[in-house]
Number of protein chains: 2
Amino acid sequence: MAVEYAFGIDIGGTTVKIGIFTDDGKLEDKWEIPTRTENNGEMILDDIAASIREYLEKKEITSDKVLGIGIDVPGPVLGASVVNKCVNLGWGVTDVASKMRMLTDVENVQVANDANAAALGEMWQGGGQGHDNVVMITLGTGVGGGIILNGQIVEGNFGAGGEIGHMIMNPHEKQACGCGKKGHLEQYASATGIVRKANEVLSADQRESALRRHKKLTAKDVYDAAKAGDPLALEIADFVGRMLGLACARISCVIDPEIYVIGGGVSKAGDILLESIKKHFVEEAFHASEEARFALATLGNDAGMYGAVKMVL
Amino acid sequence: MAVEYAFGIDIGGTTVKIGIFTDDGKLEDKWEIPTRTENNGEMILDDIAASIREYLEKKEITSDKVLGIGIDVPGPVLGASVVNKCVNLGWGVTDVASKMRMLTDVENVQVANDANAAALGEMWQGGGQGHDNVVMITLGTGVGGGIILNGQIVEGNFGAGGEIGHMIMNPHEKQACGCGKKGHLEQYASATGIVRKANEVLSADQRESALRRHKKLTAKDVYDAAKAGDPLALEIADFVGRMLGLACARISCVIDPEIYVIGGGVSKAGDILLESIKKHFVEEAFHASEEARFALATLGNDAGMYGAVKMVL
């Protein structure tokens, strides 16, 4: 039988990543196009459809060989179809699946939130491979999350499934999270949050630390210093692990997953991060869930494309 | 077409509740038998099978009219079949579904944890009716929980799905929860926890309060006094509502349900409880989830039977 294809498309605020996969799930080719957010992002889907068409023509792939198109977006999605406003793209409520069907004549179009798609991708071919019940936590500028139960994305009734960056950790926090409320996980475990915590500790604590040598501290500096044994950096790293371990313990008493997959820029810290999350998780989790596993994500920035295409394969 | 039947069976530590339902989900008849926990509970399933047989003979219902048997137990269940130890019944790891099939010759047997079954029952014919994504919280001696997503019980990978009584709320708590760890929701929002908190407040605070007139305070006394406007009782009720509202806010950023159904003895307090949970939930929840609804359970002690039978109908 001839090979068939599907597209996995990850729409970000500045670029759209387009991947073409064979029907056995191999990434055959990938490229990027700019995300044109002007005029409320009205050209974004047209640009994607044009790019797909152009690629198929160039490679002489006929449209009956296209099994489907999976798309993820940086906003809440309902019914694997409708984006419920997406500030980064300039979109209001938009039925992305219907529009894409019209633009491409491909019937099988599915849409997901980007963090949820990344979780599905990591379950399928990344750090969560071999598991059906996966929680992915992406530690970047913010903290993203995606929940997969029985191999399916948990969208949530209001599109907020997996929004664990907004789990309240400290009801006494004075500073506001990006969402406007206070004390959320994102404020302590994102790259930004880690730097904020480090600067607080450096102001309040007089001890010498390698961290004082940096003009503009980054989360990577904190973990590098921690790996080198710097006591202050180790304390900060432990604090971050405790916040994430606590959050995972709370997630486990809700959905009790098999595995947590940790991704995003901060996850490049590697084992030191993973081990500190796990240590605090085991301390805080309900006993039945203590055996849950922790792994690093492996698909990097391609995770969204993988998860997007998985929905249509 | 002749009516067909199914059984919903709720196995508790002292009695087994047996319900026979018609295929359209009407509870036709119900009765109880004692739970014989002696000899590691080896007779429990035989007793149930005998009681079913006896009933069918008496009513002249032939076995081909029995569509299935749903069972719930007070312990973790895996694969809707195997109970992973159940201290209250004296059971080790027990394949309840297979045993019941053998004892009754009924092929369609499904098993669930009791709190999960109650959640499914309330979704089907109780306080969560009309909704597919339901969280039920049972406030009794302990705090039980059950999660329904897309109409299905979330069992969890280690059988701990919906164990929200063991969500950590206060990492600084000195006293231990029944599970051995510290600071869990159950320690603040169960009937026992509410009384403990009330006694702490009454010792620490010198204000006059109707609560001081009770020799042995109950959670009901606290809510009765709160309804009568007693300031101390109102503060305790607000504290309980805050703990539950916070827990629900955390649950919402994981699975983002449509509705929370509150049951168990404490829920007889009614609106005063519901309103205080909702108030704190809205304060603490991620904005997208703020519209989640709150309702009281309506099936009382029959919820488990309803949920059990729902699994096989």
Side-chain angles (χ1 to χ4, degrees), chain A residues 75-76 78 84-85 131-135 145 147 149-150 152 154-171 177 179-186 242 245-259 280 283-293, chain B residues 75-76 78 84-85 131-135 145 147 149-150 152 154-171 177 179-186 242 245-259 280 283-293:
Chain A
L78 297 172
N84 190 15
K85 292 181 193 165
H131 302 278
D132 261 359
N133 299 312
V134 177
V135 172
I147 316 264
L149 288 183
N150 301 319
Q152 303 289 322
V154 176
E155 230 176 36
N157 195 60
F158 307 97
E163 283 287 357
I164 53 192
H166 300 286
M167 180 182 287
I168 181 154
M169 302 303 293
N170 175 9
C177 177
C179 76
K181 295 194 175 178
K182 289 171 185 168
H184 290 183
L185 179 62
E186 179 161 303
R242 187 157 70 83
L246 255 172
C248 293
R250 287 171 179 149
I251 295 168
S252 277
C253 76
V254 181
I255 52 162
D256 189 27
E258 291 171 84
I259 187 166
H280 289 289
E283 281 170 18
E284 304 292 1
F286 183 53
H287 60 83
S289 304
E290 281 175 10
E291 303 289 314
R293 297 173 59 174
Chain B
L78 297 172
N84 190 14
K85 292 182 193 166
H131 302 278
D132 260 358
N133 299 312
V134 177
V135 172
I147 316 264
L149 288 183
N150 301 319
Q152 304 290 322
V154 176
E155 229 178 36
N157 196 59
F158 306 97
E163 283 287 356
I164 52 192
H166 300 286
M167 179 181 288
I168 181 154
M169 301 303 293
N170 176 9
C177 178
C179 75
K181 295 195 174 177
K182 288 173 185 168
H184 290 184
L185 180 61
E186 181 161 302
R242 187 156 70 83
L246 256 172
C248 293
R250 286 170 178 150
I251 295 167
S252 278
C253 75
V254 181
I255 52 161
D256 189 26
E258 290 171 84
I259 187 166
H280 290 288
E283 281 170 16
E284 304 292 1
F286 183 53
H287 60 83
S289 305
E290 281 175 10
E291 304 289 314
R293 297 173 59 174

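Throughout, protein chains are lettered first and strands after them, A, B, ... in sequence-line order, and every chain is numbered starting at 1.
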Which of B:E283, B:E290, B:E284 passes salt bridge (charged side-chain N to carboxylate O under 4.0 Å, His left out) with A:K181? Answer is B:E290

Measuring from A:I251:CD1 to B:I255:CD1, what's the distance to the nearest 0.5 Å?
11.5 Å

Below 4.5 Å from any heavy atom of chain A, which atoms of B:P76 appear? Answer side chain, backbone, both or neither.
neither

Can you tell me if B:D256 uses its side chain to pair, donor with acceptor, with the backbone of A:F158 under 3.5 Å?
yes

Side chain from CB out, backbone as N, CA, C, O: work out which of these in B:V154 comes under 4.5 Å of a heavy atom of chain A, or both, or neither.
side chain

A:H131 versus chain B, heavy atoms under 4.5 Å apart: side chain, backbone, both or neither?
neither

Per-residue contact mode, B:E291 against chain A (heavy atom under 4.5 angstrom)
both

So which heavy atom on A:L78 is nearest to which on A:G159, and how close?
CD2-N, 3.4 Å

Under 4.5 Å from a heavy atom of chain B, the part of A:I164 involved:
both

Given the options A:M167, A:R250, A:E163, A:H166, which has more heavy-atom pairs under 4.5 Å with chain B than any of the others?
A:R250

Measuring only between side-chain heavy atoms, which start at C-beta, is A:H280 closer than 4.5 Å to A:L246?
no

At a heavy-atom separation under 4.5 Å, does B:A247 approach chain A through its side chain, its backbone, both, or neither?
neither

Heavy-atom distances under 4.5 Å only: say whether B:I168 touches chain A with side chain, backbone, both or neither.
both

Any donor and acceptor pair, going by atom type alone, linking the side chain of A:N133 with main-chain N or O of A:N150 inside 3.5 Å?
yes

Taking every non-hydrogen pair under 4.5 Å, which of A:A160, A:C179, A:G165, A:G156 racks up the most with chain B?
A:A160

